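Below you'll find the structure, written out as structure tokens, and then a few comments.
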Protein chains: 2
Amino acid sequence: MKDLAKKLGANIRAKRKEKGLAQDKFAELADLDRSYVGRIERGETNITVDKLYILTQVLGCHARDLLP
Amino acid sequence: MKDLAKKLGANIRAKRKEKGLAQDKFAELADLDRSYVGRIERGETNITVDKLYILTQVLGCHARDLLP
DNA sequence: TTAAAAAGAGGATTATAAACCGTGGCTTTA
DNA sequence: TAAAGCCACGGTTTATAATCCTCTTTTTAA
């Protein structure tokens with residue numbers, strides 16, 4: 001359950017860092033609140049599929065690259 | 001946006017039929033409400049990642065097989 | 001060691017996913 | 001001619017995703 005969100009968040013964070021993006025720049029590009037992106041990366045929330053897609057678009061990757 | 005949910009729903013339905021499962025049996029196995037599974041398949045709701053995983057487990061496939 | 005940048009943390013509110021109750025319609029089979 | 005299987009669909013309620021805001025802590029660089 002929470003494990004899934006944690007792993008997904010870690011993958012998102014890794015991809016973001018790979019891109020050299022700061023959390024707030026990332027949030028801005030995804031048109032999401034920075035504190036919310038923080039929660040996602042920490043695995044504190046269980047995101048919807050459409051948000052996942054928005055993040056993949058900003059990260060320039062596919063959902064399958066982020067899903068555990 | 002809604003397109004994503006529609007395609008995802010269609011993929012879920014196709015997989016379910018492939019397995020020869022009725023909608024309400026599928027819902028029961030996934031421990032989800034029958035009417036809610038109908039809405040998912042019709043693309044009327046934007047599911048969370050953890051629900052997606054529950055569905056993949058019942059369908060015996062991976063999330064990447066369902067995501068457009 | 002200090003200032004600035006980056007990330008953590010949490011409260012309050014809003015939007016919506018998900019649960020729970022149902023009805024009706026269509027099709028198949030007993 | 002039901003009786004059962006299968007699905008669309010509606011209304012209401014509850015849980016939680018998502019927004020917006022502020023303040024604190026950690027990290028980085030000068």
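Reminder, nothing fancy here: chain letters follow the sequence lines and each chain counts from 1. Remember, predicted model here, so these are calculated numbers, not experimental data.
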Side-chain donor/acceptor of S35(B) to base of dC9(D), under 3.5 Å: no
Here the gap from R39(B) atom CZ to L32(B) atom CG, rounded to the nearest 0.5 Å, amounts to 13.0 Å
Could you check how far CZ of R16(B) sits from P of dA8(D), rounded to whole Å? 8 Å
Within the structure, does a side-chain N or O atom of Q23(A) lie under 4.0 Å from either OP1 or OP2 of dA5(C)? no
Using atom CG of D50(B) as one end and atom P of dT16(D) as the other, report the distance to the nearest whole Å. 10 Å
Rounded to the nearest Å, what distance is computed from the NZ atom of residue K25(B) to the P atom of nucleotide dC6(D)? 11 Å
Over how many whole Å does the gap from D33(A) atom CG to dT14(C) atom C1' extend? 13 Å
Hey, does the side chain of T48(A) come within less than 4.0 Å of dA17(C)'s phosphate (OP1/OP2), counting only N and O? no
Side chains of residues 56-68 of chain B: which donor-acceptor partners sit under 3.5 Å, not counting sequence neighbours?
from, atom 1, to, atom 2, distance (Å)
T56(B), OG1, Y53(B), O, 2.7
D65(B), OD2, H62(B), N, 3.0

Atom CG of L8(B) and atom CZ of R13(B): how far apart are they, to the nearest 0.5 Å? 12.0 Å
Any non-hydrogen side-chain atom of V49(A) less than 4.5 Å from a side-chain atom of N46(B)? yes
Atom CG of L4(B) and atom P of dA17(C): how far apart are they, to the nearest Å? 12 Å
Could you check N46(B) against R34(B) and say which one's nearest nucleotide on DNA chain C is further toward the 5' end? N46(B)
Quick one: E44(B) CD to dG11(D) P, roughly how many Å, whole number? 12 Å
Atom CZ of R42(A) and atom C1' of dA9(C) are separated, to the nearest Å, by 6 Å
Report the distance from atom CZ of R39(B) to atom P of dG22(C), rounded to the nearest whole Å. 15 Å
